[in-house]
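Step one of this worksheet: look at the structure below.
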Amino acid sequence: MYNTLSKRKEEFVTVQPGHVGMYLCGPTVYKPSHIGHMVGPVIFDTVKRYLEYSGWKVTWVVNITDVDDKLIAESALRGTTMAKLAEEMTADYLANLAALGVRSIDKMPKATEHIDNIIGFVQGLVEKGFAYASEGDVYFDVTKDSDYGRLSNRSVESMQGEGGSTVDRKRSAADFALWKKAKQGEPMWESPWGPGRPGWHIECSAMSRAILGEQFDIHGGGLDLVFPHHENEIAQSESLHGCCMARYWMHNGLMQAAGTTGKVGGRSAAQSLPEATLDAQAQAATKISKSTGAEPFKKLLERHRPETVRVLVLSTHYRSPIHFGEEPLGESARAMEAFERLFSRYERLSGKSFYVLTAKNRRDGDAAANLAGNEAELLRVKFLAAMDDDFNTAVGIATLFDFVRLVNKYIDQHGLEKKSSADVLSQLSEMMLVLRELTDTLGLFLTEPIATRIGADEKTVSKLMELVIEIRSRSRAAKDFATADLVRTKLAEAGIVVEDRADGTLWSRKKEAT
RNA sequence: GGCGCCGUAGCCAAGUGGCUAAGGCAGCGGAUUGCAAAUCCGCCAUCGUGGGUUCGACUCCCACCGGCGCCUCCA
């Protein structure tokens, strides 16, 4: 896997054999989470699934930053308390994670629950001479850390830059706050340096140590956190512990708002327009952040299934930026239908739902023996090879598409829809189990889409449709195609698609053509 | 200004110093279908531009053009 620290791919060797400690920098809970906040969790959820599949025991920690300048500002704006705001936004975050099927986080520590721990950490740094107190603040002295800047490839000198005018409390401009003195009316905790609150970077150092130990395996986050956040975490932890913090630093690419016009990276039409018409949404590609006002993720879920988001995220390599927007989402949704059509095809033939299949873990199975003339096995091996190579989910998903084609072909060639055959059916089931095994590692297709489930109020519709289809089938049998076509056309207008298949007529709701 | 990333078909997106440059969406042709839909088969790129290294580069190096990120809060 790729390590930001060494800037190359490395063999994955854990601190403790068989166990992986993984820490992901979570959100500052001051606003509803947007799509950008979901990328990390989806990616690392997949990483965890795959590592577990591969035989590791994984402890995954995601922190919640519930004390911070932005929280103070936002709660003041809303006329609420910081704690309440944090609680509300944390709930929002958790709900979104749940929707996306990210359920594998083991611990979610909050900064405010670790204040003592944080104070102890800062004290340790002060005692060792890496930090100094200054008028109620405590700063980390970057000049004491000879390694400072190695993650982000910067030097202390290069950062002395403009400096700024309000840094008189700091010894040098690059020093960063470990502890911030409280101003009037701000939330505060008592400390050896007076009332105040933790700086931004310190919580991750303190909490990762508390839960995962001084040294753990994977530390992740968005590419935008490399500097200064992660750089500073390393400085704090390694200065205090005298050794290495995380072995592997994994950084995911950021979400970019895809331009509504033209190609990203080329001359988009928008750029040739007069400036007046060139506003935020017409820009080619920009990072989604608070400045561009990304919509809350919850709103997005009103239009798109979580599965679609997951597919979109995983069809790009995790270190690359993801072009995000209605169009890419619609495309992912359409692409996904191929899988779901296969699932329902399988269900019609076997009577079993793909969603309840339980695949066995054959990670270390005897691949060679199974390989003989078995294309499904070949694809499985290809999939695993891709995932083994720095979690290449894009290639993984590509082989899954190949897999779908393979299975469809198998059904076609054996005419399974025309005449059933126990032999063919059991082969089919075997293949579906392999597909289940692989999609499990990506966290895909875990639950049946709600749209296909028929709820109580849908019962009537369902009965009615049965009747309509029955009548239409009779006209078809009587070669009265005019009537049959009329029914189908009218149903299409009502948003219902009719399919005459070898094994009977099906109807379904038309997918939104986004 | 400093550090870094990217530029592959109409669109999205993998990948490799030399074997057919994945996969998806869209499109086209065919099989199948009463006609459709779905499915299957086939077609659709020489890899931003210009140099260099090499027996050989899309893949390595340099320059240029274009896009993006970080350097302040950000997943």
Side-chain angles (χ1 to χ4, degrees), chain A residues 7 24-28 30-31 33-44 62 68-70 73 149 152-155 157-159 161-162 164 174 200 220-229 231 251-256 258 262-268 271 284-291 311-312 315-317 319-323 327-328 330-338 341-342 344-345 382 386 389 392-402 404-405 407-413 417 476 479-482 484-485 488-489 492 497-502 505-506 508:
Chain A
K7 277 122 195 118
L24 174 69
C25 285
T28 300
Y30 72 110
K31 274 190 174 173
S33 34
H34 61 252
I35 177 69
H37 296 120
M38 296 298 132
V39 181
V42 167
I43 289 169
F44 286 92
V62 179
D68 169 271
D69 293 356
K70 281 175 304 205
S152 56
N153 193 20
R154 282 155 219 265
S155 63
E157 302 80 63
S158 75
M159 280 179 288
E162 346 295 85
W200 174 37
L223 223 35
D224 55 347
L225 293 183
V226 173
F227 186 89
H229 188 53
E231 192 68 70
H251 291 100
N252 60 270
L254 305 175
M255 274 281 177
Q256 319 238 300
K263 180 184 179 177
V264 175
R267 307 109 296 192
S268 74
Q271 282 168 323
T286 42
K287 177 178 155 185
I288 292 179
S289 68
K290 58 180 179 178
S291 57
V311 167
L312 180 61
S315 20
T316 305
H317 186 91
R319 277 187 280 121
S320 303
I322 302 170
H323 293 132
E327 178 149 350
E331 208 176 278
S332 293
R334 260 169 282 147
M336 237 171 31
E337 284 169 24
R341 279 191 298 256
L342 174 63
S344 48
R345 198 178 190 195
K382 190 177 164 199
D389 182 12
N392 196 333
T393 53
V395 170
I397 288 181
T399 69
L400 255 29
F401 277 104
D402 289 335
V404 169
R405 183 175 307 117
V407 177
N408 271 321
K409 188 150 79 172
Y410 185 82
I411 298 174
D412 282 359
Q413 284 178 346
E417 282 170 329
R476 288 182 66 227
K479 302 251 190 273
D480 176 9
F481 296 123
D485 288 349
R488 188 170 56 198
T489 313
V497 182
V498 171
E499 295 178 35
D500 296 320
R501 312 186 124 268
T505 300
L506 289 177
S508 61

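Residue numbers start from 1 in every chain, and the chains themselves are labelled A, B, ... in the order their sequence lines are given, proteins ahead of strands. These figures come from a predicted structure and were not determined experimentally.
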Nearest-Å distance, [atom1] ([X]) to [atom2] ([N])?
X        : N     : atom1 : atom2 : value
A:Arg319 : B:A75 : CZ    : P     : 21 Å
A:Glu417 : B:U39 : CD    : C1'   : 8 Å
A:Asp412 : B:A31 : CG    : P     : 16 Å
A:Lys382 : B:G23 : NZ    : P     : 7 Å
A:His317 : B:A14 : NE2   : P     : 8 Å
A:Leu254 : B:G69 : CG    : P     : 9 Å
A:Leu506 : B:U33 : CG    : P     : 17 Å
A:Arg154 : B:G4  : CZ    : P     : 10 Å

Is the closest basic N to carboxylate O distance between A:Asp412 and A:Lys409 below 4.0 Å?
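No, no charged N to carboxylate O under 4.0 Å.
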
For the [atom1] atoms, the ones on [N] and on [M], what distance do you get once it is rounded to whole angstrom?
N     : M     : atom1 : answer
B:C64 : B:G2  : P     : 12 Å
B:G48 : B:U16 : P     : 15 Å
B:C12 : B:G42 : C1'   : 23 Å
B:U53 : B:G17 : C1'   : 12 Å
B:C47 : B:A22 : P     : 15 Å
B:G18 : B:A57 : P     : 11 Å
B:G69 : B:G50 : P     : 28 Å
B:C6  : B:G52 : P     : 25 Å

Could you identify the nucleotide paired to [N], looking across every strand shown and requiring Watson-Crick or G-U wobble geometry with both distances under 3.5 Å?
N     : answer
B:G56 : none
B:C44 : none
B:C5  : B:G67
B:U39 : B:A31
B:G10 : B:C25
B:U72 : none

Would you indicate what [X] reaches in the nucleic acid, counting non-hydrogen atoms under 4.0 angstrom: base, sugar-phosphate, or nothing?
X        : answer
A:Gly40  : nothing
A:Asn408 : sugar-phosphate
A:Leu223 : nothing
A:Gly220 : nothing
A:Ser332 : nothing
A:Ser152 : sugar-phosphate
A:Asp402 : sugar-phosphate
A:Val226 : nothing

Taking A:Gly149's backbone N and O only, do any of them form a donor-acceptor pair with A:Glu231's side chain (distance below 3.5 Å, no angle check)?
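Present.
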
Indicate whether OP1 or OP2 belonging to [N] is found under 4.0 Å from a side-chain N or O atom of [X].
X        : N     : answer
A:Arg501 : B:A36 : no
A:Arg334 : B:A38 : no
A:Asn252 : B:A75 : no
A:His251 : B:A75 : no
A:Lys409 : B:U39 : no
A:Thr28  : B:A75 : yes

Does the base of [N] carry an N or O that pairs as donor and acceptor with the side chain of [X] under 3.5 Å?
X        : N     : answer
A:Arg476 : B:G34 : yes
A:Arg488 : B:A36 : yes
A:Asp68  : B:C73 : no
A:Asn392 : B:G15 : no

When you get a sec, tell me which of [options] is the closest nucleotide to the side chain of [X]?
X        : options             : value
A:Met255 : B:A36, B:C25, B:A75 : B:A75
A:Arg405 : B:G24, B:A14, B:G69 : B:G24
A:Ala398 : B:C70, B:A37, B:G23 : B:G23

Whether A:Phe401 stacks on the six-membered ring of B:G23 base, 5.5 Å and 30° limits:
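Answer is no, no stack.
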
If you compare all heavy atoms of [X] against all heavy atoms of [Y], which two are closest, and at what distance to 0.1 Å?
X        : Y        : value
A:Thr505 : A:Val498 : CG2-CG1, 3.6 Å
A:Phe481 : A:Arg476 : CE2-O, 4.0 Å
A:Val39  : A:Ile322 : CG1-CD1, 4.1 Å
A:Gly220 : A:Phe44  : CA-CZ, 3.6 Å
A:Ala335 : A:Phe401 : O-CE2, 3.5 Å

Would you compute the distance between atom CZ of A:Arg488 and atom CG of A:Asp485 and round it to the nearest 0.5 angstrom?
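Nearest 0.5 Å value for the CZ-CG distance: 5.0 Å.
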
Which is more 5' along RNA chain B, the nucleotide nearest A:Val39 or the one nearest A:Pro321? Just name the residue.
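The residue mapped nearer the 5' terminus is A:Pro321.
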
Please walk me through it: do A:Arg341 and A:Asn408 pass side-chain hydrogen bond (donor to acceptor under 3.5 Å, both in side chains)?
CA-CA 10 Å; A:Arg341 279 191 298 256; A:Asn408 271 321; over 6 Å; no

